[in-house]
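Predicted model only: the values in this text are computed from it and were never measured. Labels below follow one simple rule: chain letters A, B, ... track the order of the sequence lines, proteins then strands, and each chain is numbered from 1.
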Amino acid sequence: MPDRLRRSFFRKPADRLAADLLGQRLVRAHRGHRRAGIIVETEAYLGTIDAAAHTYQGRRTPRNEAMYADAGHAYVYFTYGMHHCMNVVAHSADTPEAVLIRALEPAEGLEAIRRRRPKARRDTDLTSGPAKLCAALDIDRKLNAADLTSSTRLWIEPGHTITPDRIVRTPRIGIDYAAEWTEKPLRFCLRNHPHLSRPAP
DNA sequence: GTGTGGATTATCT
DNA sequence: GATAATCCACACC
């Protein structure tokens with residue numbers, strides 16, 4: 001079993017986990033081949049109090065059930081009729097917080113990633129968005145509710161240690177309907193990183 | 001380089 | 001029936 005992040009790493013509030021996931025390595029294995037990228041951008045969704053979260057006010061549906069699992073599971077959902085997005089469940093079972101993975105720096109399996117992203121003109125277009133990276137790493141609802149601490153298909157390995165001065169916080173992307181939660185600085189980026197979904201000031 | 005609108009359908013109300 | 005934690009193409013500067 002490869003070295004990977006354990007349950008205890010994920011058992012913390014989503015905003016702390018969002019910062020701690022920066023610099024770690026997301027790995028997708030399929031038939032003995034690896035695709036991987038370094039996490040460079042995340043967003044925290046703070047559970048039942050967060051008007052932008054799928055679990056706002058305790059909503060619990062078949063789609064978001066994985067957010068109620070223990071920390072360290074994946075929550076993968078389908079949206080806009082054509083895209084998948086991947087989250088890492090935070091905190092603990094029945095406390096439905098999660099971290100959306102928004103961008104990666106491609107690190108392994110570049111040929112396979114490029115095949116999955118035929119419209120990308122430059123390498124910085126390959127995984128610079130939550131749906132782009134799911135397409136690139138072939139992450140879809142088959143992996144919803146996968147346990148990242150034991151899955152043979154999807155996990156996270158320890159990467160670089162990131163010091164706080166290299167992290168920029170901004171409001172979340174695509175949230176314009178969540179009242180006071182719209183502007184909270186819950187997006188976490190590696191400062192000036194070329195693979196961000198959008199530049200962070 | 002920036003801004004706008006269309007794609008496309010599972011999911012929820 | 002309306003919406004969506006998005007992406008891409010194309011117009012315009």
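A/Ala131 comes within contact range of the sugar-phosphate backbone alone, with a heavy-atom separation under 4.0 Å but no base atom that close. Within the 4.0 angstrom heavy-atom criterion, only backbone atoms of the sugar-phosphate kind lie near A/Ile175; the bases stay farther away. Residue A/Arg117 is classed as a sugar-phosphate contact, given heavy-atom separations below 4.0 Å to backbone atoms only.
Rounded to whole Å, atom C1' of B/dG1 lies 12 Å from atom CZ of A/Arg122.
Residue A/Tyr75 is the one, among A/Tyr75 and A/Arg121, whose nearest nucleotide of DNA chain C lies closer to the 5' end (criterion: closest heavy atom).
A/Glu41 pairs with exactly one of A/Arg169, A/Arg172, A/Arg187 by the salt bridge (charged side-chain N to carboxylate O under 4.0 Å, His left out) rule, that one being A/Arg187. Put simply, the residue from A/Leu133, A/Ile173, A/Thr127 that forms a side chain to side chain contact (heavy atoms under 4.5 Å, CB included) with A/Arg102 is A/Ile173.
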**Study point:** Pairing string, 5' to 3', for DNA chain B - Watson-Crick or wobble contacts under 3.5 Å, brackets [ ] where pairs cross, | to another strand
**Key:** |||||||.||||.
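Looking at heavy atoms from C-beta onward, A/Arg166 lies out of side-chain contact with A/Leu22 at the 4.5 angstrom threshold. A heavy-atom distance below 4.5 Å is found between the side chains of A/Leu5 and A/Pro158. At least one side-chain heavy atom of A/His195 sits under 4.5 Å from a side-chain heavy atom of A/Pro106. With contacts defined as side-chain heavy-atom distances shorter than 4.5 Å, the pair A/Asp138/A/Arg116 qualifies.
Note on A/Leu154: it clusters hydrophobically with A/Leu104, by side-chain heavy-atom contacts below 4.5 Å among ILVMFWY residues.
Remark: the backbone N or O of A/Trp181 is not paired with any side-chain donor or acceptor of A/Asp50 at under 3.5 angstrom.
Atom CG of A/Asn192 is surrounded by 12 or fewer heavy atoms from other residues, nucleotides or ligands within 6.0 Å.
Remark: the A/Arg63 side chain and the A/Thr61 side chain contain no N/O donor-acceptor pair separated by less than 3.5 Å.
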List every contact pair, protein side and nucleotides 9-12 of chain B side both N or O, where the distance is under 3.5 Å.
| residue | atom | partner | partner atom | Å |
| --- | --- | --- | --- | --- |
| B/dT9 | O4' | A/Gly81 | O | 3.4 |
| B/dT9 | O2 | A/Gly81 | N | 3.4 |
| B/dA10 | O3' | A/Arg141 | NH1 | 3.1 |
| B/dT11 | OP1 | A/Arg141 | NH1 | 3.3 |
| B/dC12 | OP1 | A/Thr61 | OG1 | 2.2 |
| B/dC12 | OP1 | A/Arg63 | N | 3.3 |

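Protein chain A contacts DNA chain C over a range whose 5' and 3' limits, counting nucleotides with an atom under 4.0 angstrom from a non-hydrogen atom, are C/dA4 to C/dA9.
The aromatic rings of A/His54 and A/Tyr77 sit perpendicular to each other, their planes meeting at more than 60°, with 30° as the lower class boundary.
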